[in-house]
Each structure stands twice: as structure tokens, then as C-alpha cells.
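Only this structure's heavy atoms are used, side chains among them; waters, hydrogens and symmetry mates stay out.
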Amino acid sequence: MNHKMHLSIFITFILSLFLWAPSGKAQTAEQNTYVRFLKSGSEQLKQGDYQSARDSFEQSLRYYDVDPAAHLGLGMAYFHLKDDRLAERELLRVIDLNPKEAAAYQVLGEISYRRDDFEFALSYWEKAVQLNPSNAALKTRLERVRREHTTEKDFNRDVTSHFQVKYEGREKIEAGRIILRILEDAYGELGRALSFYPSQEIQVILYTGKQFQEVTDAPGWSGGLYDGKIRIPIGGIEQETPGLRRLLYHEYTHAVVRAIAPRVPTWLNEGLAQYFEGRELTAGQREALKELARAAKLPSLSNLEGSFMGLGSGQAASAYLISLSAVRAMIDRYGMYRVKMVLDELAAGADAGKALSAGIMNSYAEFEREWKRSLE
């Protein structure tokens, strides 16, 4: 699974609150240039073009260094570029200029949470909610992370150079080592396939089934979750099994895709996760897709770009099957190199249509027609 946390929903609103425009009939050339860079950065941030946004906000600050809007935008851009040190610097500067800026506290909480520092994360988010009580999404997140902290505060930890695994009970030490060994295999295998190796440590948490449900509120059909951390409901592990390897490859693929491009259509994300776990379409599944294609009853891929988390088990099974079929068709026809180019285009801020057009040199609609014809 891949549950996305979007910070962009409040960006435009926040920046508009602080947009600095000097009063009076005439503005100087420097003031106009400042406003132009600030507006450009805001738009680029909204579109997901974080490198360009960073550059625009940096330019704006050369003209007016004491506006919290530009520092907030720059901090947001650095956060999405995963440069937490510089993001934190800019966001603390925002608070220094305007101690009542709730958005800065919210993103500082995200940075602390990404570092697995629950105490600071909760403190920042509590302040953000205090300043903006109408932020229902953050209130929900705050409660969930409080449950997570209560559950995990006494967990043990084991690490490699790329992963940290947390689990409850000393008796699960061997389970943690098995998990890490499989994930290191996945790190190398996906890295070679996609020419990409995540630079930041990836956290993996092992739960009991009950703990998993309490912390994540995931649907009952979910076998695991990636929401910035790999979360797995798992019992006692004494040895590696094919099912465990598939599950870990699946969730690790989500971590890699997220690291490449924060916004990816769910059908592409889930299709890649199933591909790298080694899942194949059975003869019965291929026949079922064939019948749907002949009857023109296959849904459009554009209808499968959003989260699958709210689907019932039957709907989810169908969505996953279609995702795997479409992604396998893309890889078979265009190769993994071209699929990676699609991800790179998405990372640069392109929407799904433009990303496919540039990545596989074919339109979204034509690719979908080709895939559906291949099923028939």
C-alpha cells in the first residue's frame, strides 16, 4: 500500500496570507521582481516542481529577506527535496519572523517524524493545531501518531546502512535480521533495475495484527502499508518464506517510487510494486481481463490514479489486477528504462498524461488503447 501525506493542500492559502506587496501607487523594480519570484515559487511548489520553487524562493529572498512567505516556501521546497537540514533552518526562520505561523510548525513536525523523533513531532503538531484548530486532517494525524508512539516507544531497533527495523520483544531479534537481509536484497535489485538508490534510511516497523490496525486504520485486506515508513503486521518469523519476500519487495518498491517521485498514479505505483514482488497474472485472471476488454467494461486508468485505500476487498482486488496488467504491458513494450523516465517526468512536476507522453513517447490514451487491445 502507499498512503500519501499531502502538504501542498494549504500552500497556496498560506503563501497568499503573507504575500508582500508594498503600499503606494508605485513599486520599485526590486519590489516587483521580489513579488514575481514569490508568485513563481508558489506556483512551482503547487505543481510539484520543487527544484524550480527552491530557486525562485531563494531569488525572492535576495530582494526581501524578512518576509515569512518566502522562507516558508523555501522550507517547503527543501522539505520535498528531502534536504531536512536546510528545510528546518528556513522554517525556524519563519517562526522567528512570525511565531503564529501554523504551517511552519506542521512541516517541522513532519521533519521530526521523518527522523523518528516522536516527542518533537508531537510538540510541533500540537502547536500547529493550537494555532489552527480548524485543521481537521492534522488533528487526525496527531491522534494517529500519538497511538503510534504509545505502541512503539519500547520497541527494539536493528539497523543496516540503508534500513532501520523496529519490533517488540527481544525474541524477535532474528525476525528483524531476516527482514533486513531481504530488504538489502531488494535495495540492490531495484536499484539496478531503476538506476536509483534511496539516499535516506528507510524505517520498517513490525507489528502484531492488532497493533497494525490500531496504528494505521488500514483496510482489512491490507497486508502491509507504506506511508513514509514500511509497516507490516506480522507474527513470529523463524525463517524466510516466499510470501514474506514478496511482501517486503512490494512495500520497498513503494518506498523507492516515493523517493523518486512523490506524486505517482496509484495504478502505476501498485503495478510496479506487484511487478517487483514477482507477481504473475494467472490464466484465470488473464481470461477475466480478456472478457472485460471484449465487453468494453475495463475502467479507464485515469480512474485508478487515486488511492485504493477506501476500496472494498473485491474492488481492491480488481484494481490491483488491472494495475499489474497495465504495468506489465508497459514494461514489455517499452522497457524498464522508459518506465523510469515516466517516473522522472512525474518527479519534475508533469501530470500523468505529460509524463507518459515524454517517458514512453506515446500518449496516455494511446497506451491505454494498446494495452486493452493486447488483452483482447
Please report the closest heavy-atom contact between [X] and [Y], naming both atoms and the distance.
X: Phe367; Y: Leu356; result: CD2-CD2, 4.0 Å
X: Pro299; Y: Glu368; result: O-OE2, 4.2 Å
X: Thr216; Y: Phe212; result: OG1-O, 2.6 Å
X: Gly359; Y: Glu345; result: N-CG, 4.4 Å
X: Ala104; Y: Val94; result: CB-CG1, 3.8 Å
X: Leu304; Y: Ala319; result: CD2-CB, 4.2 Å

Exercise for review: Under the side-chain contact (heavy atoms from CB on, under 4.5 Å) rule, collect the residues that match up with Thr151, sequence neighbours excluded.
Suggested key: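 Here the qualifying residues are Phe155, Tyr207, Gln211, Val215.
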Practice item. Output, in order, the C-alpha distance, side-chain angles, deciding distance and verdict of salt bridge (charged side-chain N to carboxylate O under 4.0 Å, His left out) for Glu148 and Lys229. Key: CA-CA 12 Å; Glu148 182 181 347; Lys229 300 177 182 180; 3.5 Å; yes
Review point. After noting the C-alpha distance and the side-chain angles of Tyr249 and Leu190, does the key distance pass the side chain to side chain contact (heavy atoms under 4.5 Å, CB included) rule?
Key: CA-CA 9 Å; Tyr249 268 65; Leu190 268 75; 4.1 Å; yes
Side chains of [X] and [Y]: is there a donor and an acceptor less than 3.5 Å apart?
X: Asn135; Y: Gln106; answer: yes
X: Gln130; Y: Tyr105; answer: no
X: Tyr50; Y: Arg54; answer: no
X: Asp55; Y: Gln44; answer: no

Is the number of heavy atoms from other residues, nucleotides or ligands under 6.0 Å of [X] [atom1] greater than 12?
X: Arg85; atom1: CZ; result: no
X: Lys354; atom1: NZ; result: no
X: Glu287; atom1: CD; result: yes

Point to revise | Rounded distance (nearest 0.5 Å) linking atom OG of Ser195 with atom CG of Asp344 | key: 9.5 Å
Review point. Taking atom CD of Gln203 and atom CZ of Arg231, what is their separation to the nearest 0.5 Å?
Key: 8.5 Å
Could you tell me if the side chain of [Y] sits less than 4.5 Å from the side chain of [X], heavy atoms only?
X: Val264; Y: Leu272; answer: no
X: Ile178; Y: Leu244; answer: yes
X: Leu248; Y: Ile232; answer: yes
X: Arg93; Y: Leu74; answer: no
X: Ile322; Y: Trp267; answer: no
X: Tyr167; Y: Val204; answer: no
X: Glu90; Y: Phe79; answer: no
X: Phe118; Y: Lys153; answer: no

Show me the side-chain donor-acceptor pairs of residues 275-282 shorter than 3.5 Å, one per line, residues at least two apart or across chains.
from   : atom 1 : to     : atom 2 : distance (Å)
Glu277 : OE1    : His250 : ND1    : 2.7
Glu277 : OE2    : Arg279 : NE     : 3.2
Glu277 : OE2    : Arg279 : NH2    : 3.0
Glu280 : OE2    : Arg328 : NH2    : 3.4
Thr282 : OG1    : Gln285 : N      : 3.1
Thr282 : OG1    : Gln285 : OE1    : 3.4

Salt bridge between [X] and [Y], side-chain N to carboxylate O under 4.0 Å?
X: Arg147; Y: Glu143; value: no
X: Arg181; Y: Asp185; value: no
X: Arg369; Y: Glu366; value: yes

Exercise for review: Go through the steps to decide whether Leu194 and Met336 satisfy the test side chain to side chain contact (heavy atoms under 4.5 Å, CB included), and finish with yes or no.
Suggested key: CA-CA 7 Å; Leu194 294 171; Met336 187 60 74; 3.7 Å; yes
Check your understanding: If two hydrophobic side chains count as joined below 4.5 Å and joins carry through other members, does Tyr337 share a cluster with Val327?
Key ->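 Tyr337 and Val327: separate clusters.
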Check your understanding: Of all residues at least two apart in sequence or in a different chain, which pass the salt bridge (charged side-chain N to carboxylate O under 4.0 Å, His left out) check with Glu88?
Key -> Arg115
Check your understanding: Can you name the ring pair (Phe, Tyr, Trp, His ring centres under 6.0 Å) partners of Trp125, sequence neighbours left out?
Key ->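 Partners of Trp125 by the ring pair (Phe, Tyr, Trp, His ring centres under 6.0 Å) criterion, ordered by chain and then number, come out as Tyr113.
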Exercise for review: Tell me, please, which residues at least two apart from Tyr187 pass ring pair (Phe, Tyr, Trp, His ring centres under 6.0 Å).
Suggested key: His162, Tyr197
Check your understanding: What's the verdict on salt bridge (charged side-chain N to carboxylate O under 4.0 Å, His left out) for Asp217 and Arg144, showing C-alpha distance, side-chain angles and the deciding distance?
Key -> CA-CA 9 Å; Asp217 292 324; Arg144 204 203 78 160; over 6 Å; no
Could you tabulate the donor-acceptor pairs under 3.5 Å formed by side-chain atoms of residues 290-298, not counting sequence neighbours?
from   : atom 1 : to     : atom 2 : distance (Å)
Glu291 : OE2    : Arg294 : NH1    : 3.4

